[in-house]
Protein chains: 4
Amino acid sequence: MSVEEATGQPRPGRPRSEQSRSAVVRATSELLHEIGLRAMTTEQIATRSGASKATIYKWWPNKYAVAVDAFFSELQADSPDPDTGSARQDFTIWLRRLCHFYAGPSGAVFAQLVGEAQFDPEVATELRDGLVRSRRAVLETIWDRGVARGELRADVDRDVAIDLIIGPALYRLMTGRGGLDDAAADAMADTVIRGLSA
Amino acid sequence: MSVEEATGQPRPGRPRSEQSRSAVVRATSELLHEIGLRAMTTEQIATRSGASKATIYKWWPNKYAVAVDAFFSELQADSPDPDTGSARQDFTIWLRRLCHFYAGPSGAVFAQLVGEAQFDPEVATELRDGLVRSRRAVLETIWDRGVARGELRADVDRDVAIDLIIGPALYRLMTGRGGLDDAAADAMADTVIRGLSA
Amino acid sequence: MSVEEATGQPRPGRPRSEQSRSAVVRATSELLHEIGLRAMTTEQIATRSGASKATIYKWWPNKYAVAVDAFFSELQADSPDPDTGSARQDFTIWLRRLCHFYAGPSGAVFAQLVGEAQFDPEVATELRDGLVRSRRAVLETIWDRGVARGELRADVDRDVAIDLIIGPALYRLMTGRGGLDDAAADAMADTVIRGLSA
Amino acid sequence: MSVEEATGQPRPGRPRSEQSRSAVVRATSELLHEIGLRAMTTEQIATRSGASKATIYKWWPNKYAVAVDAFFSELQADSPDPDTGSARQDFTIWLRRLCHFYAGPSGAVFAQLVGEAQFDPEVATELRDGLVRSRRAVLETIWDRGVARGELRADVDRDVAIDLIIGPALYRLMTGRGGLDDAAADAMADTVIRGLSA
DNA sequence: CAATAATCGAGACGGTACGTCTTGTCTTGGC
DNA sequence: GCCAAGACAAGACGTACCGTCTCGATTATTG
């Protein structure tokens with residue numbers, strides 16, 4: 001957090017152009033869907049956004065960091081807690097949404113970012129901090145409620161439980177085998193929850 | 001498959017140098033572990049192996065194909081079927097081995113290959129054909145035995161069941177969160193199998 | 001020439017800061033000697049002088065114009081007319097001074113400015129107006145005195161005569177071959193003046 | 001001089017493409033005359049010649065080195081020795097040719113190269129070695145003949161004499177004041193030679 | 001004594017050239 | 001026909017500098 005944000009006091013000099021920032025992010029979003037993370041070049045982002053390469057490199061270390069930002073910027077209202085009163089219901093609804101997301105246009109982008117994270121620790125960190133963590137938080141809440149209600153097994157490690165729910169869907173995404181429709185989500189949820197239920 | 005392989009008839013001219021081939025594969029293996037898939041260049045493979053770039057490009061389409069070959073070449077005796085008489089046992093042993101593999105030095109290489117597969121359909125295909133398929137075959141056998149024995153639920157889709165076993169481990173590998181030791185493998189196996197058991 | 005300078009009437013608003021102007025010129029002088037005309041950046045001038053780039057660009061079109069100003073500012077009382085009564089003496093003394101200047105620290109700066117003038121007509125103009133012209137004026141005076149006195153040939157074009165005196169020294173400077181000490185100056189002066197004498 | 005040139009033994013690997021080399025030099029020549037040394041970019045040379053930037057940077061350190069090569073390549077049969085029997089004649093003819101060269105299209109290119117040499121010692125060296133030296137050699141021959149013949153003063157330093165002949169013309173070129181036609185050349189030659197004659 | 005107007009330092013910005021790097025192809029002579 | 005060596009075209013990379021701009025702050029004259 002910069003001094004400015006902390007104190008509300010403007011720093012000297014011309015302030016950063018919000019227009020430029022958002023144009024870069026928007027252009028990157030488009031390019032991610034059109035040609036993908038790897039084929040997209042910094043030059044293209046610059047041309048399409050109207051920003052200069054220097055400006056992009058001033059605020060982001062490379063195109064992958066821009067892509068992470070762009071990816072997050074289009075994830076509004078990210079998978080809220082269903083809270084239906086039944087953990088089984090909650091998990092099922094949540095997993096349907098996840099599979100829907102994976103199967104949609106952003107799914108490929110997400111898969112590419114996870115792929116890139118294998119080579120770039122910074123992408124890995126940002127992805128984990130910005131996305132994985134917030135998703136897991138919802139699942140943790142659902143889990144804790146279920147355990148408190150006596151609906152779920154208290155003797156299963158919470159992290160294990162969550163990995164069992166997310167893992168299979170991610171596996172299907174990353175191996176590109178499909179099987180991410182509602183029926184598949186329900187099948188996976190059903191079986192896992194049976195193992196998790198008290 | 002080449003004409004030679006099909007007919008057994010030698011083609012005219014100097015035959016392909018096996019020494020050159022294996023040197024390339026070995027050099028690539030080393031580089032994969034030392035600097036990773038992305039940082040490794042075709043030039044480096046050529047220099048280290050003593051082969052020329054032209055030779056490499058003659059036999060492989062690009063460095064990723066070489067990497068896939070190199071990766072497979074070091075996977076000897078890949079996860080055989082434990083066949084203990086208990087599907088629960090078999091799955092647990094098998095998952096331990098998988099986690100051990102993921103946690104070992106080849107795990108990172110595998111993760112990078114899966115990462116690269118998000119950008120390169122050929123890598124995805126080769127990886128699926130060469131590794132994923134053979135692994136799943138073992139699990140399918142275990143599953144079928146368990147179902148036949150009445151140990152496992154016949155009403156669960158086999159593919160779903162297998163994804164539930166592999167998925168969580170791969171999820172941990174790809175998000176780099178660790179948790180791939182024996183205890184973790186056992187915990188995951190236990191919980192999943194409970195959901196899969198009759 | 002600004003309105004203020006023309007009319008003596010102060011314009012409204014904050015007047016130009018003399019401190020800022022001289023700091024820029026001084027910083028530029030230092031940089032010219034330390035790293036040279038080409039390596040010096042506008043940013044460096046701004047940082048070292050405490051002025052902002054905007055201020056520099058407000059008063060000068062580019063760094064070369066600043067350099068010309070800075071170069072002139074350190075040329076105080078440049079080569080006065082010796083007027084010894086002998087044109088031969090006058091020319092010899094004058095050429096000694098010129099060579100001394102070329103051989104000194106400002107010589108390299110001057111050479112770079114002449115070099116830059118080959119690319120930038122404005123630099124060429126400013127250099128010619130500010131320096132070359134004033135120097136030639138002194139030589140013209142010496143020449144005219146010598147001709148009037150019957151010491152020098154009246155049938156030689158004055159411009160040719162002056163070029164013969166300055167040219168060889170500049171040639172040595174621009175080709176970086178040295179030979180700019182007093183003895184060399186005397187040798188050049190001697191021979192040329194012999195050609196110019198009646 | 002490379003090993004190959006010295007021994008006549010071909011080195012391993014694909015030999016340097018003469019076509020590529022000459023295309024680069026030719027394109028550079030054109031660009032030098034069309035837009036000048038400074039405005040010309042490496043990219044333009046690459047585009048126009050059909051070579052890649054990498055190739056250019058492999059064989060030349062930067063565009064200035066290419067420019068020097070290109071400049072030399074168009075100087076065929078550079079100012080031969082007139083050898084008329086009279087040193088006065090020889091010098092006059094030679095200086096006419098030099099002024100003609102300076103006043104022609106290559107003159108501006110040469111001036112820019114000399115200008116650039118003020119910033120880049122390598123350009124200075126190459127220019128001196130490739131051009132200045134060969135020109136001076138001719139003048140030295142003329143001078144020596146004149147002295148042997150008793151036509152020229154033996155007590156004048158040869159280098160000084162040569163600088164007196166070349167210097168004024170270069171001065172006119174570098175200050176852009178014109179005066180490089182035949183009449184001007186003759187006037188300069190006449191006066192200087194008078195100073196140099198026995 | 002406020003209002004006006006031009007200055008100033010700081011620094012972000014679009015543009016553009018630079019020189020490096022990697023990829024995949026091509027061209028030698030030797031085996 | 002295969003191979004090592006290495007030159008080549010293509011083109012993305014990240015850096016540097018240029019000259020312009022937008023801030024808030026400052027400092028004069030003018031009403």
Side-chain angles (χ1 to χ4, degrees), chain A residues 9-17 19-21 38-44 46-47 49-59 61-63, chain B residues 10-17 19-20 38-44 46-47 49-63, chain C residues 9-17 19-20 38-44 46-47 49-63, chain D residues 9-17 19-21 38-44 46-47 49-63:
Chain A
Q9 303 250 336
R11 285 182 302 176
R14 179 174 175 175
R16 178 173 181 184
S17 161
Q19 185 195 329
S20 178
R21 193 204 62 79
R38 200 74 149 265
M40 171 184 79
T41 70
T42 315
E43 195 87 39
Q44 286 175 312
T47 303
S49 68
S52 73
K53 274 206 308 178
T55 300
I56 296 174
Y57 280 110
K58 178 172 184 66
W59 299 109
N62 50 49
K63 71 173 176 179
Chain B
R11 287 182 300 176
R14 180 174 173 179
R16 176 174 183 183
S17 159
Q19 185 195 329
S20 178
R38 197 74 147 267
M40 172 184 78
T41 69
T42 316
E43 195 87 42
Q44 286 175 311
T47 303
S49 67
S52 73
K53 278 205 307 178
T55 301
I56 297 175
Y57 278 108
K58 177 167 183 65
W59 300 109
W60 292 274
N62 51 46
K63 73 172 177 179
Chain C
Q9 303 243 339
R11 287 182 301 176
R14 179 175 176 175
R16 176 173 182 185
S17 161
Q19 185 196 328
S20 179
R38 198 73 150 267
M40 171 184 79
T41 70
T42 317
E43 196 87 40
Q44 285 176 310
T47 303
S49 68
S52 73
K53 277 207 305 179
T55 301
I56 296 174
Y57 279 107
K58 178 166 185 64
W59 301 110
W60 291 274
N62 51 46
K63 72 173 177 177
Chain D
Q9 302 250 338
R11 287 181 301 176
R14 178 176 176 176
R16 178 172 181 185
S17 160
Q19 185 194 330
S20 177
R21 193 204 63 80
R38 199 75 148 264
M40 170 184 80
T41 71
T42 315
E43 196 87 41
Q44 286 174 311
T47 303
S49 68
S52 73
K53 275 204 309 177
T55 299
I56 297 174
Y57 279 109
K58 178 171 183 65
W59 300 110
W60 293 274
N62 49 49
K63 70 173 178 178

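Throughout, protein chains are lettered first and strands after them, A, B, ... in sequence-line order, and every chain is numbered starting at 1.
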Could a donor-acceptor pair under 3.5 angstrom be found where the side chain of D/Arg14 meets the base of E/dC26? yes

So if I take every side-chain heavy atom of C/Asn62 and compare against E/dT23, F/dG19, E/dG19, which nucleotide ends up nearest? F/dG19

Write down the distance between CD (C/Gln19) and C1' (E/dT7), rounded to a whole number of angstrom. 13 Å

In terms of side-chain heavy atoms of A/Ala54, which of E/dT28, F/dC13, F/dC17 is nearest? F/dC17

For C/Ser52 and for A/Ala51, find the nucleotide of DNA chain E with the closest heavy atom, then tell me which residue's nucleotide is more 5'. C/Ser52

How long is the line joining CD of A/Gln44 and C1' of F/dG11, in whole Å? 11 Å

To the nearest Å, how far apart are D/Arg21 CZ and F/dG6 P? 21 Å

Quick one: list whatever passes side chain to side chain contact (heavy atoms under 4.5 Å, CB included) with A/Ala54, sequence neighbours left out. A/Ser52

Is there a side-chain contact between D/Thr55 and the phosphate of F/dA7, meaning an N or O under 4.0 Å from OP1 or OP2? no

Has the side chain of D/Lys53 got a donor or acceptor atom sitting under 3.5 Å from an opposite partner on the base of F/dG11? no

Mind listing the closest non-hydrogen atom pair of A/Ala39 and A/Gln44 along with its distance? O-OE1, 3.5 Å

Checking contacts here: which listed nucleotide (F/dA7, F/dC8, E/dA17) is nearest the side-chain heavy atoms of D/Trp59? F/dC8

Assuming nearest nucleotide by heavy-atom distance, tell me which of A/Arg16 and C/Ser20 is located more 5' along DNA chain E. C/Ser20

Measure the distance from CD1 on D/Ile56 to P on E/dC18 and round it to the nearest whole Å. 10 Å

Residues in side-chain hydrogen bond (donor to acceptor under 3.5 Å, both in side chains) with D/Arg14, at least two apart? none

For the pair made of NZ in B/Lys58 and C1' in E/dC26, what is the distance, rounded to whole Å? 13 Å

What is the distance from OH of D/Tyr57 to P of F/dA10, rounded to the nearest Å? 17 Å

Closest approach of B/Tyr57 to B/Asn62 (non-hydrogen atoms, all atoms of both residues): CE2-CA, 4.1 Å

Using the closest heavy atom to pick a nucleotide of DNA chain F for each, name whichever of A/Ala39 or D/Ser17 lands nearer the 5' end. D/Ser17

D/Arg38 CZ to F/dC18 C1', straight-line distance once rounded to whole Å: 13 Å

Rounded to whole Å, how long is the line connecting atom CD of A/Glu43 with atom C1' of E/dT16? 10 Å

Which residue, A/Gly13 or C/Lys63, contacts DNA chain F at a nucleotide closer to its 5' end, judged by nearest heavy atom? C/Lys63

Determine, for D/Trp59 and D/Arg16, whether the Lys NZ or Arg CZ falls below 6.0 Å from the six-membered ring centre while staying within 45 degrees of the axis. yes

